[in-house]
Asks: 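Okay, here's the structure, questions in a sec.
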Amino acid sequence: MMSTTSNVSAGKRIEALLDDNSFVEIGNLVKARNTDFNLAQRETPADGVITGYGTINNALVYVYSQDATVLGGSVGEMHAKKIAKIYDMAIKMGAPVIGLVDCAGLRLEEATDALNAFGEIYLKKATASGVVPQVTAVFGNCGGGLSVLSQLSDFTFMADDAKLFVNSPNTIDSNYTEKCDTASSEFQSNNTANVDYVSNEDDVIAKIRDLVDLLPGNFEESAYDDECTDDLNRACAGIEGLVNDMPALIENVADNGNFFQLKTNYATDMVTGFIKLNGNTVGVVANNSDILSVSGCYKAEELVKFCDAFDIPVVTFTNVTGFETSMNEEKNIAKAVAKLTYAFANATVPKVNVVVENAFGSAYVAMNSKGIGADIVYAWTDAKVGMMNAESAAKIIYADEIAKSKDAAKTISEKAAAYDELQLSTASAAARGYVDTVVSPCDTRKYLIGALEMLFTKREEKPFKKHGTI
């Protein structure tokens, strides 16, 4: 592990991130323009940020790295303009932008000049959204407006000892750092949707390289790699026993067992990330619990929208029976499920669903069902697809008969068995066209690869509009 982030130079981080000898700096002679508060008398090499381009595994990327030794890495007018220039070039060339953040915030000596230039970075990041992938890695402080900048990226990584916050913990009523450090990587990773990956600095940089290797350079470029060293027909033996451990299930299906999981510690009822199938990058959404939560829906929605923007197919592994029930969840669950439903329904990329256990009610509908546009729906042999579990359905449908029965338990059991066969079996769903194929769990990988090959040239046109509002 590297030493604390304050001892690592901005240039060293770029060297570690990019391929050897590939970095070309741009704007290295830029200095602060402002002369207020004797700023002209102070040395501001590169105005506190190193900018340029290089390669990651031979793929072009643009990068900026803030230098905390220059005025705390604070964002001044020229500092911001250098970053904005990098974005202009990245958009023109169609290459990802990676920001390495270590910053004390806006430069107070430059006031409105810095504030306006900072807004220009926001504008560039908003313009680049959906055009090129954007990654932010937080290695020092990332507070106030900088935290918003990090969330305008597609992915945010964070070093263990870094700080990410809008309001400093000690400014929050009834809180202080010793009680709850809301700026810490642990809090941000476990309790917010702000951070995709947390580790030591070396590992964060290595993970960024891995992520860039999985993604296309821009929305018009394919993330397809012809080389696949794994067996395309490999059986996934014992995979049915991993329904309650979705990361392990996904690894079992993926090329060479590689799964790039996102937001591992947040909303653990939902698993998201990227895998390769036959060399093709695929976004994965999976229920790690049989209920949908607000945070889980938002986590899944975010990945689906990214995949749709960059033409990456989406595979879902579905096991859901309903929604999380609590006063707090009830405040937002309808909106969260609506957003997840819209993300799947609006996506035009190939969409494949695998029902691995239960698929009940409107919670299932929201999870990439045939009804909202899934191209292919597979179901494992013993899976159930329907409104609700058989016993609950029997109690409602046959309430009067059960009430009059001398042996209510026996009646419920009989009626539930009949309902199960008639309405919940995969054969019943397949007969109605809601499931395309019933597959053995061990054949999951083979069927997914076949479906994605068939869908590789998918083209789907939505009704013309400016954009949706959900």
Asks: Apply side-chain contact (heavy atoms from CB on, under 4.5 Å) to the pair Leu303 and Phe274, showing each step before the final yes or no.
Replies: CA-CA 9 Å; Leu303 182 80; Phe274 297 105; 3.7 Å; yes
Asks: Could you give the distance from OG (Ser362) to CZ (Phe323), rounded to the nearest 0.5 Å?
Replies: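 Taking OG in Ser362 and CZ in Phe323, the distance rounds to 3.5 Å.
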Asks: Measure from the side-chain N and O atoms of Glu329 to the backbone N and O of Ser293, and report whether any donor-acceptor pair falls under 3.5 Å.
Replies: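 Side chain of Glu329 to backbone of Ser293, a donor-acceptor pair under 3.5 Å: no, none is there.
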Asks: Taking only residues two or more places apart in sequence, or in another chain, which ones meet Tyr378 in a ring-ring contact (aromatic ring centres under 6.0 Å, His included)?
Replies: Tyr447
Asks: If you count the non-hydrogen atoms of other residues, nucleotides and ligands that lie under 6.0 Å from CZ in Phe306, is the total more than 12?
Replies: yes
Asks: If you measure from the Lys or Arg side-chain nitrogens to the Asp or Glu carboxylate oxygens, is any gap between Lys276 and Asp230 under 4.0 Å?
Replies: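 No, Lys276 and Asp230 are not salt-bridged.
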Asks: Looking at side-chain heavy atoms only, is the closest gap between Thr192 and Phe187 below 4.5 Å?
Replies: yes
Asks: Counting only heavy atoms not in Glu330, do more than 12 sit closer than 6.0 Å to its CD atom?
Replies: no
Asks: Dump the intermediate steps for side-chain contact (heavy atoms from CB on, under 4.5 Å) on Ile50 and Asn28, then the final yes or no.
Replies: CA-CA 7 Å; Ile50 300 173; Asn28 62 312; over 6 Å; no
Asks: For the pair Gln66 (side chain) and Asp102 (backbone), establish whether a donor and an acceptor sit closer than 3.5 Å, ignoring hydrogens and angles.
Replies: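 Confirmed, Gln66 side chain pairs with Asp102 backbone.
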Asks: Does a side chain donor of either Tyr64 or Lys82 reach within less than 3.5 Å of an acceptor in the other side chain?
Replies: no
Asks: What's the verdict on side-chain contact (heavy atoms from CB on, under 4.5 Å) for Val354 and Trp380, showing C-alpha distance, side-chain angles and the deciding distance?
Replies: CA-CA 7 Å; Val354 183; Trp380 284 0; 3.6 Å; yes
Asks: Could you measure the distance from the CG atom of Asn256 to the CZ atom of Arg234? Nearest 0.5 Å is fine.
Replies: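 If we round to the nearest 0.5 Å, Asn256:CG and Arg234:CZ are 8.0 Å apart.
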Asks: Other residues, nucleotides and ligands only: do more than 12 of their heavy atoms fall within 6.0 Å of NZ on Lys305?
Replies: no
Asks: If you measure from the Lys or Arg side-chain nitrogens to the Asp or Glu carboxylate oxygens, is any gap between Glu120 and Lys81 under 4.0 Å?
Replies: yes
Asks: For the pair Lys85 and Asp88, find out whether any cationic side-chain nitrogen is under 4.0 Å from an anionic carboxylate oxygen.
Replies: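 Looking at Asp88 together with Lys85, the answer is no, because their closest N to O distance does not fall below 4.0 Å.
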Asks: Would you call Arg459-Glu461 a salt bridge at under 4.0 Å N-O?
Replies: no
Asks: Please say which of Val352, Val282, Asn278, Ile376 ends up in a side-chain contact (heavy atoms from CB on, under 4.5 Å) with Leu448.
Replies: Val352
Asks: Go through Leu211 and Phe157 one step at a time and tell me if the side-chain contact (heavy atoms from CB on, under 4.5 Å) criterion holds.
Replies: CA-CA 11 Å; Leu211 177 61; Phe157 293 70; 3.7 Å; yes
Asks: Report, as yes or no, whether the 6.0 Å neighbourhood of atom NZ on Lys335 holds more than 12 heavy atoms from other residues, nucleotides or ligands.
Replies: no
Asks: Please tell me whether Asp203 and Tyr197 have a donor and an acceptor in their side chains that are separated by less than 3.5 angstrom.
Replies: yes
Asks: Indicate whether any N or O donor in one side chain lies under 3.5 Å from an N or O acceptor in the other, for Ser185 and Asp160.
Replies: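 Result is no, nothing qualifies.
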Asks: Is Lys351 paired with Asp375 through a side-chain N to carboxylate O contact shorter than 4.0 Å?
Replies: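 Looking at Asp375 and Lys351, the cut-off is not met.
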Asks: State, with a plain yes or no, whether a side-chain heavy atom of Met367 is found less than 4.5 Å away from one of Val285.
Replies: yes
Asks: Between Gln134 and Asp154, is there a side-chain donor-acceptor contact under 3.5 Å, judged purely by atom types and distance?
Replies: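 There is no such pair between these side chains.
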Asks: Side chains of Cys103 and Val75: closer than 4.5 Å at any heavy-atom pair?
Replies: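 Yes. Closest side-chain heavy atoms under 4.5 Å.
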Asks: May I ask you to test the Val243-Glu240 pair for a side-chain heavy-atom distance under 4.5 Å?
Replies: no
Asks: Does Lys462, at its NZ atom, have more than 12 non-hydrogen atoms belonging to other residues, nucleotides or ligands within less than 6.0 Å?
Replies: yes
Asks: Determine whether more than 12 heavy atoms belonging to other residues, nucleotides or ligands lie under 6.0 Å from atom CD of Glu460.
Replies: yes
Asks: Between Asp269 and Lys299, is there a salt bridge with N-O shorter than 4.0 Å?
Replies: no
Asks: What do you reckon, is OH of Tyr266 surrounded by more than 12 foreign heavy atoms closer than 6.0 Å?
Replies: yes
Asks: Is the NZ or CZ atom of Lys207 both under 6.0 Å from the centre of the six-membered ring of Phe260 and within 45° of that ring's axis?
Replies: yes
Asks: The criterion is side-chain hydrogen bond (donor to acceptor under 3.5 Å, both in side chains); which residues satisfy it with Asn218, sequence neighbours excluded?
Replies: none
Asks: For a quick check under 3.5 Å, do Asp19 and Thr55 share a side-chain donor-acceptor pair by atom type?
Replies: yes
Asks: What pairs with Met93 under side chain to side chain contact (heavy atoms under 4.5 Å, CB included), at least two apart in sequence or on another chain?
Replies: Leu60, Tyr62
Asks: Would you check if the side chain of Asn358 reaches a backbone N or O of Phe360 as a donor-acceptor pair within less than 3.5 Å?
Replies: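 Not confirmed, Asn358 side chain does not pair with Phe360 backbone.
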Asks: Could you tell me whether the side chain of Thr381 reaches within less than 4.5 Å of the side chain of Pro441, counting heavy atoms only?
Replies: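 Pro441 reaches Thr381 side chain to side chain.
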Asks: For atom CG of Asn191, decide whether the heavy atoms of other residues, nucleotides or ligands shown that lie under 6.0 angstrom number more than 12.
Replies: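 Yes, CG of Asn191 has more than 12 neighbouring heavy atoms, counting only those of other groups under 6.0 Å.
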Asks: Where the side chain of Ser22 meets the backbone of Leu18, is there a donor-acceptor pair that is under 3.5 Å apart?
Replies: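 Judged by distance alone, no pair lies under 3.5 Å.
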Asks: If only side-chain N and O atoms count, and only distance matters, is there a donor-acceptor pair under 3.5 Å linking Ser153 with Thr136?
Replies: yes
